[in-house]
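Contents: one structure, followed by commentary.
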Protein chains: 2
Amino acid sequence: MMGRQQHQHQQKKALQVLSARFISSSDLTIELKTDKSDFENQPKKEDLVFGTTLSDHMLTIEWDKQNGWSPPKIIPYQDLKISPAASCLHYGLQCFEGMKAYRSLKDKDSIHLFRPDKNVERLKNSMRRLAMPGVDFDKDELIKLISELVKVDKDWIPEGEGYSLYIRPTVIATHRFLGVSPPDCLLLYVITSPVGPYYKTGFDPIRLTTDTDCVRAWPGGTGNAKCGGNYAATMKPAAEAAAKGYSQILWLFGENDEVTEVGAMNFFIYLINKETNRPELVTAPLTRGDILPGVTRSSILDLTRSWGDFDVSERYITMGEIKEASDENRLIEAFGCGTATVVSPVSCIQYKGKDISIPAVGELTQRVWDEIVGIQYRKIEAPPCTPDWIVEL
Amino acid sequence: MMGRQQHQHQQKKALQVLSARFISSSDLTIELKTDKSDFENQPKKEDLVFGTTLSDHMLTIEWDKQNGWSPPKIIPYQDLKISPAASCLHYGLQCFEGMKAYRSLKDKDSIHLFRPDKNVERLKNSMRRLAMPGVDFDKDELIKLISELVKVDKDWIPEGEGYSLYIRPTVIATHRFLGVSPPDCLLLYVITSPVGPYYKTGFDPIRLTTDTDCVRAWPGGTGNAKCGGNYAATMKPAAEAAAKGYSQILWLFGENDEVTEVGAMNFFIYLINKETNRPELVTAPLTRGDILPGVTRSSILDLTRSWGDFDVSERYITMGEIKEASDENRLIEAFGCGTATVVSPVSCIQYKGKDISIPAVGELTQRVWDEIVGIQYRKIEAPPCTPDWIVEL
């Protein structure tokens with residue numbers, strides 16, 4: 001009896017494998033664009049504006065219930081044909097990643113990615129949170145395909161420090177169904193965009209406000225997934241803050257005004273801890289599920305911990321504690337961080353109508369910048385804590 | 001001086017009007033579909049599955065910064081061409097409505113909408129919450145255009161009680177930009193879908209669970225806007241609830257487990273109030289901003305208040321209060337409500353691992369159903385509290 005059950009189980013498993021085709025880089029087909037006019041007419045690298053110039057090719061992989069993942073394709077960049085009833089347009093079934101391909105400053109023909117495994121892992125987590133099927137693909141296969149896309153468009157990667165090819169993997173539900181339900185079919189696609197340095201002439205510190213009624217994320221929500229709904233909610237308060245002269249919102253949570261994120265970045269603050277009297281670098285922890293697990297955040301935590309020069313804490317810090325540290329001259333520096341900017345120093349936080357000033361660009365912000373940018377552009381020897389950070393193509 | 005300022009103000013206003021073209025039903029152009037095969041091959045009305053059959057035509061109106069709203073078009077239903085970098089696919093910049101066109105039971109050639117002004121008003125509120133531009137259009141113009149679309153596809157409206165043409169107005173950001181910012185261009189479109197009665201053979205009461213770590217909405221979020229992100233977050237917990245035998249989630253909020261909504265519907269509970277000892281119909285209030293202002297919800301509040309037969313309250317009710325009412329035999333009925341189902345009686349709420357039973361379909365649920373369905377299908381004389389509810393085409 002046991003033998004028969006096992007046999008049935010094996011049969012069932014074999015059927016599942018047959019019916020669920022995984023992402024396979026060996027099935028890739030490439031259709032090259034013949035028209036070179038977009039490439040020839042692209043802006044000079046000094047004139048690039050983030051997210052507006054798109055390169056010549058895109059990667060597409062479809063998933064459906066019957067066939068699983070289709071053979072991946074690299075095709076000329078083109079508009080998508082999407083049903084007006086597709087659930088990506090109604091029910092926010094969409095998630096994405098932001099990552100970059102860099103040229104080494106020492107050898108401009110050497111191209112590499114920075115921690116792509118972290119991005120693909122997070123993409124899979126976002127898909128899980130949105131009940132998207134097909135999530136059990138091998139992440140190395142997707143990294144290989146993204147690498148192929150970058151190689152096809154390698155001439156689009158501008159040279160020089162601060163320049164890179166921004167990569168935007170995206171998964172959308174293409175299910176043509178007006179009911180609210182997990183989708184029957186998906187499209188995973190990757191587009192790329194050449195980008196220049198976020199800061200053209202040295203750091204440009206940002207002024208933050210906390211004075212908004214809006215809340216970015218909530219425990220039990222989707223704040224730790226990189227999905228559309230998290231961003232849609234921030235446009236209006238961000239525009240209101242901009243109208244008052246603040247460049248970003250410092251998002252707070254709860255009765256005690258705990259600091260969570262800044263704009264679309266993670267947030268770090270560096271201060272003298274009142275109890276220990278030692279310098280401490282603080283960022284919000286991931287445990288409550290309302291913080292995006294940023295790749296730059298994780299890299300900064302790894303690096304600064306490896307230095308051992310000050311305490312590094314993942315804990316909630318309240319605006320009250322920040323205000324008190326400011327009043328007692330214990331506030332040293334603060335910065336946002338993310339793939340687009342690396343680090344964004346903070347010069348001011350408006351809280352309850354009053355500005356808390358922060359020494360603009362301090363030693364720590366600069367050191368973090370130098371170290372991460374140094375690793376990303378292969379200017380410096382990567383420290384021992386970073387064995388897999390650079391993936392050469 | 002005052003005169004000159006006024007003159008300048010008028011000039012500025014005239015320029016604004018010129019540059020911001022509003023939605024105008026008189027600019028409508030109609031391109032009819034010549035191929036009748038979709039119409040001829042549609043399922044029998046008894047076999048319609050909600051949200052899967054789409055009618056022949058759609059309405060499209062584009063907005064961009066330079067030209068404002070473009071002339072509206074009714075065109076054959078077709079896939080949309082969307083840039084893979086469009087912000088509707090990355091940042092959740094999408095909102096929608098659900099409404100219906102009905103045939104009168106007394107005269108099948110008489111077609112009407114139910115409270116379309118409420119839907120268009122809510123669409124505009126959703127657009128505002130998402131910082132979408134172009135929101136200051138005249139809502140009557142959009143209602144006229146939706147009416148024209150329904151008239152073009154009037155043969156798609158099935159006859160009979162419970163049958164209708166479901167209408168899905170949608171606004172998406174078509175801005176081709178990978179930065180997080182309010183969009184430069186939009187597409188407003190409307191598609192329609194013939195639907196049958198939600199209950200084929202009498203009510204089918206739903207079993208709810210509250211046992212999830214997920215939270216649908218929160219103050220300062222987007223719970224009162226009909227935008228994609230609200231729905232994306234619910235697929236996973238809903239699938240988990242379904243696997244445990246519960247058809248929907250009763251969404252709670254806060255430390256006291258206040259009841260907010262059920263699935264994608266508003267929630268009503270009818271009980272004997274402990275303090276007054278009088279029957280009371282309760283639904284969550286709109287004041288905190290985490291409840292979708294449902295059109296069916298509003299209609300039920302108006303109707304039941306006009307009856308004057310029991311107390312009607314917009315207040316938060318906690319699971320503790322519901323549990324206590326159940327223990328003390330004061331719990332009478334509960335139902336969800338929305339455009340798709342009208343009312344969905346609730347037979348059970350799982351809370352902290354235990355099922356609270358509710359008398360399945362009571363007198364009040366039936367009376368609310370009879371009244372609303374009676375008005376929607378023009379079987380009964382509309383009560384005095386409903387002067388504008390029916391809009392004849």
Side-chain angles (χ1 to χ4, degrees), chain A residues 49-52 54 58 77-86 88-94 96 98 128-132 166 168 170 172 176-183 189 191 193 212-215 217-222 227-236 238-239 263-264 289, chain B residues 49-52 54 58 77-86 88-94 96 98 128-132 166 168 170 172 176-183 189 191 193 212-215 217-222 227-236 238-239 263-264 289:
Chain A
V49 174
F50 179 84
T52 54
L54 296 167
M58 61 193 290
Y77 170 89
Q78 57 196 264
D79 282 350
L80 303 171
K81 285 183 76 176
I82 300 178
S83 164
C88 62
L89 299 179
H90 300 263
Y91 304 128
L93 290 175
Q94 52 183 248
F96 68 94
R128 271 188 208 102
R129 180 62 185 89
L130 300 185
M132 285 180 170
Y166 181 81
R168 175 58 65 94
T170 310
I172 59 172
R176 179 182 174 280
F177 178 45
L178 294 178
V180 177
S181 106
Y189 65 89
I191 52 178
S193 168
T212 175
D213 294 331
C214 291
V215 176
W218 200 270
T222 56
C227 60
N230 295 344
Y231 297 84
T234 68
M235 309 278 172
K236 183 170 173 265
Chain B
V49 174
F50 179 84
T52 54
L54 296 166
M58 61 194 290
Y77 171 88
Q78 56 195 265
D79 282 349
L80 302 172
K81 286 183 76 177
I82 300 178
S83 164
C88 62
L89 299 178
H90 299 263
Y91 305 127
L93 290 175
Q94 52 184 246
F96 68 95
R128 272 188 207 102
R129 180 62 184 87
L130 301 184
M132 285 180 170
Y166 181 81
R168 175 58 64 95
T170 310
I172 59 172
R176 180 182 174 280
F177 178 45
L178 295 179
V180 177
S181 106
Y189 65 89
I191 52 178
S193 168
T212 175
D213 293 331
C214 292
V215 174
W218 52 87
T222 56
C227 59
N230 295 345
Y231 297 84
T234 68
M235 309 276 172
K236 182 169 173 268

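Residue numbering restarts at 1 for every chain, and letters A, B, ... go by the order of the sequence lines.
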Chain A contacts, top residue of [options] (heavy-atom pairs, under 4.5 Å):
options                                    : result
Gly229(B), Ala85(B), Ala232(B), Ala238(B)  : Ala232(B)
Cys227(B), Ser181(B), Gly221(B), Gly98(B)  : Ser181(B)
Ile191(B), Asn230(B), Thr222(B), Thr212(B) : Ile191(B)
Asp213(B), Leu54(B), Thr52(B), Ile172(B)   : Leu54(B)

Portion of [X] that has a non-hydrogen atom of chain B nearer than 4.5 angstrom:
X         : value
Arg168(A) : side chain
Leu89(A)  : both
Met132(A) : neither
Ser83(A)  : both
Leu130(A) : both
Ser193(A) : side chain
Pro219(A) : backbone

How close do [X] and [Y] get, heavy atom to heavy atom, and via which atoms?
X         : Y         : value
Trp218(B) : Val215(A) : NE1-O, 3.3 Å
Arg129(B) : Cys214(A) : NH2-SG, 3.7 Å
Phe50(B)  : Phe177(A) : O-CE1, 3.0 Å

Look only at the side chain of Tyr231(B) and the backbone of Val180(A), and say whether a donor-acceptor pair between them is shorter than 3.5 Å. no

Below 4.5 Å, heavy-atom pairs only: which of [options] has the largest tally toward chain B?
options                        : value
Ala239(A), Gly263(A), Pro84(A) : Pro84(A)
Ala86(A), Gly92(A), Ala131(A)  : Gly92(A)
Arg128(A), Met58(A), Met235(A) : Met235(A)

Ring geometry between His90(A) and Phe96(B) (parallel below 30°, tilted from 30 to 60°, perpendicular above 60°): perpendicular

OG1 of Thr170(B) to CG of Leu178(A): how many Å apart, nearest 0.5 Å? 8.0 Å

